[in-house]
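Down below is the structure, laid out as structure tokens.
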Amino acid sequence: MASVNSLASTLQQQLADALTAALPDAGTADPLLRRSDRADFQANGILALAKKLKGNPRELASQVTATIPAGGLIKEIEVSGPGFLNVTLSDRAIIETLAARDADDEGRLGVPYNSAAGTTVIDYAQPNVAKEMHVGHLRSAVIGDAMVQILEFTGETVVRRHHIGDWGTQFGMLIQYLIEHPGELNHEGDAADGEAAMSSLNRLYKASRALFDSDEEFKARSRDRVVALQAGDEQTLAMWLRFVDESKIYFYSVFNKLDMEIRDADIVGESGYNDMLEETCRILEESGVAVRSEGALCVFFDDVKGPDGNPVPLIVKKSNGGYGYAATDLSAIRDRVQNLKANTLVYVVDARQSLHFKMVFETARRAGWLNEDVKAVQLAFGTVLGKDGKPFKTRAGETVRLEDLLDEAIDRASAVVREKAKDLTDEEIAERGAQVGVGAVKYADLSTSAARDYKFDLDQMVSLNGDTSVYIQYAHARSRSIKRKAGELKSRPHPELELAPAERALGLHLDQFGEVVAEVATAYEPHKLAAYLYQLSSLFTTFYDQCPVLKPEVPGDVAENRLFLSDLTARTLHQGMELLGIRTPERL
């Protein structure tokens, strides 16, 4: 089915046509349409036109309104103030547009799908091999996963990339220790147990680090092992692969708890670009983008200076011949543009790395890998804070393990579900508890602008009140409950009916879903979708309180229309939350 134009876009076009017809000398005109608390919409564009035409804005506004046909989309239009147009839509137009959305046989609620959209590579969820995931890994994973879903829903071809930390000097230390202490990586229990795998790696890392710091001979052997790893020594590579595989078991267990799909083919770590590093450096040097400075290969920028006022370079290759992060990141850009044919590169990375990526992107532009047709964007995110407003730590001052955080959220949510549950089994409570708990953590992250820090407060996150995922999930479950209790009553739109204020408000907001999704996809701002869904839930709560569906005194056609609005709300909440990676249980 074709996409459905929103009421706002249809009105925008009608007003633009009216402006052109009434004021042909004005040329193409923008009505500057926005929602209003004085009517459904307000158009402010006539003020600018009056200034341009040197005319009286109220007189011009009256000329425009005279060209707009009565009936149809617009119920009432009035001139207000110095030339504003206040527009009230007809109830029929609202219900007919929503009926077209409901009838979308592809289940997209009439939201456009651009099959000619480009290819975006999203770099997100970047844990480190042989290290536990902590609260700092949460935002990249959650924000990145939401943007993947949103972009794919709008028609973009999305290539996922998980740039895991799987290379570097620490692996020489770990591999050498394991060679000298065989068997220490073995863990008890199921080999697919993620926590057991990481527990074993943690023990190994601590033991090898202690020996590395205390034994100079072991330190020397470890450094030799790094050289062997970089040279592709067969035994060393086999040991390194074992670390990577053990870590992946753990990664998958955490991402599974986060209710996220991470595919093996999408994991391309730092090591995946090793074969490109030397060529990247050669291209940059031969093209003059990078220059030698004190033995290192560097790129300089006029606007990047250190505290002493001297330029701070991007070091692509160190003076000792080693490669910096920049060489890997630039090689990844080459691969993603030249081999994956990406039009857009999105990096969901901590805001504290903004300077690094600014320099990397500018270097790639100078090299010609980024240009007018290929752009790179850092979707920078802030820090997760504790209730005290400081970086989130345990009471002992240590970084909070991500699994511990999720387990506690699920426990808290399960308690809330158990308290409210009336007809759920223990198994259903456990399932809902996981959906509500993980959803609460994700929503708290996604409902905050990515660039901002936010406080991690589980008590607030699992609350049924306020801007929480639980509130939205409860609104969805309430609508599903109405449907179950409706029995033989049909969900059917009735455009001929006059709508109550709460019905109109709900209907107008339902119609904005596609526009919000498009805006979020363009600007990479999932918090705006979260805000839309929260407001939709609030409007539905008011509708639920003021517009009964199933009471005997409600006329049949009114009941059918209200059930239609309730059902469409549930579908919209479900689709919106799915794009954020959050479940919407049928019962709570």
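Keep in mind it's a predicted model, so treat the numbers as computed, not measured.
The environment of NE2 in His574 is sparse: at most 12 heavy-atom neighbours from other residues, nucleotides or ligands sit within 6.0 Å. Open room surrounds CZ on Arg583; 12 or fewer heavy atoms of other groups in view lie less than 6.0 Å from it. In Tyr534, the OH atom is crowded: over 12 heavy atoms of neighbouring residues, nucleotides or ligands sit closer than 6.0 Å. Around the NZ atom of Lys420, the shell of radius 6.0 Å holds no more than 12 heavy atoms that belong to other residues, nucleotides or ligands.
Ring centers of Phe361 and Tyr347: under 6.0 Å apart, within the cut-off.
Every residue meeting the side-chain contact (heavy atoms from CB on, under 4.5 Å) condition with Asn128, not counting sequence neighbours, appears here in chain and number order: Lys131, His137. The side-chain contact (heavy atoms from CB on, under 4.5 Å) test applied to Phe456 returns Leu138, Val384, Phe392, Leu405, Val441, Tyr454, Leu458, Met461, not counting sequence neighbours. For Asp467, the salt bridge (charged side-chain N to carboxylate O under 4.0 Å, His left out) test picks out no residue, with sequence neighbours left out. Every residue meeting the side-chain contact (heavy atoms from CB on, under 4.5 Å) condition with Lys485, not counting sequence neighbours, appears here in chain and number order: Ser481, Leu550. Considering only residues two or more places apart in sequence or on other chains, Arg504 meets the side-chain contact (heavy atoms from CB on, under 4.5 Å) condition with Asp40, Thr88, Leu89, Asp91, Ile94, Leu499, Leu508.
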Exercise. Should Asn114 and Thr154 be marked as a side-chain contact (heavy atoms from CB on, under 4.5 Å) after you check the CA-CA gap, both sets of side-chain angles, and the distance that decides it?
Worked result: CA-CA 6 Å; Asn114 182 9; Thr154 60; over 6 Å; no
Problem set entry | Verdict with supporting geometry, Asp123 and Arg161, salt bridge (Lys or Arg N to Asp or Glu O under 4.0 Å) | CA-CA 5 Å; Asp123 188 326; Arg161 277 295 175 264; over 6 Å; no
For this session: Step by step, work out the salt bridge (Lys or Arg N to Asp or Glu O under 4.0 Å) result for Asp213 and Arg209.
Result: CA-CA 6 Å; Asp213 291 340; Arg209 169 56 69 181; 3.3 Å; yes
For this session: Tell me, with the steps shown, if Tyr532 and Val517 meet side-chain contact (heavy atoms from CB on, under 4.5 Å).
Result: CA-CA 10 Å; Tyr532 169 85; Val517 170; over 6 Å; no
Exercise. Can you check ring pair (Phe, Tyr, Trp, His ring centres under 6.0 Å) on Tyr273 and His163, steps first, answer last?
Worked result: CA-CA 10 Å; Tyr273 305 99; His163 193 86; 5.7 Å; yes
Problem set entry | Residues Glu156, Ile150; criterion side-chain contact (heavy atoms from CB on, under 4.5 Å); working and verdict | CA-CA 9 Å; Glu156 191 80 3; Ile150 291 164; over 6 Å; no
Exercise. Given Ile164 and Val129, is the side-chain contact (heavy atoms from CB on, under 4.5 Å) satisfied, shown in steps?
Worked result: CA-CA 7 Å; Ile164 64 172; Val129 167; 4.0 Å; yes
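Within the structure, side chain to side chain donor-acceptor pair (under 3.5 Å) contacts touching residues 535-551 (residues at least two apart or in different chains) are Tyr471-Thr541.
Contact check for Arg412 versus Val436: no side-chain heavy atoms found under the 4.5 Å cut-off. Between Leu406 and Leu258 there is a side-chain heavy-atom pair separated by less than 4.5 Å. By the 4.5 Å heavy-atom criterion applied to side chains, Met198 and Leu201 are counted as neighbours. Side-chain contact between Arg418 and Asp426: present, with at least one pair of heavy atoms (C-beta onward) separated by less than 4.5 Å. Using a 4.5 Å heavy-atom cutoff, the side chains of Ile410 and Val438 are in contact. Looking at heavy atoms from C-beta onward, Leu370 lies in side-chain contact with Leu345 at the 4.5 angstrom threshold. Between Leu565 and Ile95, the closest side-chain pair of non-hydrogen atoms falls below 4.5 Å. Between Met260 and Ile262, some side-chain heavy-atom pair lies under the 4.5 Å cut-off.
Of the possible donor and acceptor atoms, one in the side chain of Arg101 sits under 3.5 Å from a partner among the backbone N and O of Leu109. Side chain of Glu152 to backbone of Gln149: no donor-acceptor contact under 3.5 angstrom is found. A side-chain donor-acceptor contact under 3.5 Å links Asp166 to the backbone of Ser271. Counting only distance, with no hydrogens or angles, the side chain of Thr383 and the backbone of Leu385 share no donor-acceptor pair below 3.5 Å. The backbone N or O of Gly172 sits nowhere less than 3.5 Å from a side-chain atom of Trp240 that would complete a donor-acceptor pair. A donor-acceptor distance shorter than 3.5 angstrom exists from the side chain of Gln378 to the backbone of Asp350, with no hydrogens or angles considered. Of the possible donor and acceptor atoms, none in the side chain of Thr119 sits under 3.5 Å from a partner among the backbone N and O of Ala342. Under the 3.5 Å distance criterion, the side-chain polar atoms of Lys442 are matched with a main-chain donor or acceptor of Gly581. Between the Ser140 side chain and the Val348 main chain, a donor and an acceptor come within less than 3.5 Å of each other. Panel note: side chain Arg432, backbone Arg587; a donor-acceptor pair is recorded below 3.5 Å.
Using cut-offs of 30° and 60° for the angle between ring planes, the Tyr124 and His162 rings count as perpendicular.
Cation-pi check for Arg35 over Phe41 is met; the charged atom lies under 6.0 angstrom from the ring centroid and within 45 degrees of its normal. Remark: Arg108 fails to qualify as a cation-pi partner of Tyr113 under the 6.0 Å distance and 45° angle criteria applied to the six-membered ring.
Pairing each heavy atom of Met147 with each of Pro526, the nearest pair is SD-CD, 3.7 Å. In terms of heavy atoms, Ala364 sits closest to Ile333 at CB-CD1, 4.0 Å. The nearest pair of heavy atoms linking Tyr524 to Leu379 is CB-CD1, 3.8 Å. Ser208 approaches Met173 most closely through the heavy-atom pair OG-CE, 3.5 Å. Closest approach of Gln575 and Gly107 over heavy atoms only: OE1-O, 3.9 Å. Of all heavy-atom pairs between Ser479 and Phe540, the closest is CB-CZ, 3.7 Å.
Using modelled atom types, one finds no donor on one side chain facing an acceptor on the other under 3.5 Å when comparing Gln473 with Thr584. There is no side-chain donor-acceptor pair under 3.5 Å between Thr97 and Asp511. Remark: the Thr569 side chain and the Thr572 side chain contain no N/O donor-acceptor pair separated by less than 3.5 Å. In the model, His527 has no side-chain atom that pairs as donor or acceptor with a side-chain atom of Ser447 under 3.5 Å. Counting only N and O atoms by type, the side chains of Gln512 and Ser6 include no donor and acceptor under 3.5 Å apart.
Residue Arg571 holds its CZ atom at 11.0 Å from NE2 of His476, rounded to the nearest 0.5 Å. Of the inter-residue distances, the one linking Leu568 atom CG with Leu506 atom CG reads 8.0 Å to the nearest 0.5 angstrom.
Salt-bridge formation is detected for the pair Asp266/Arg263: a Lys NZ or Arg NE/NH1/NH2 atom is positioned less than 4.0 Å from an Asp or Glu carboxylate oxygen. Remark: Asp407 engages Lys257 in a salt bridge, criterion side-chain N to carboxylate O under 4.0 Å. Taking 4.0 Å as the cut-off between side-chain N and carboxylate O, Lys455 and Asp388 do not count as a salt-bridged pair.
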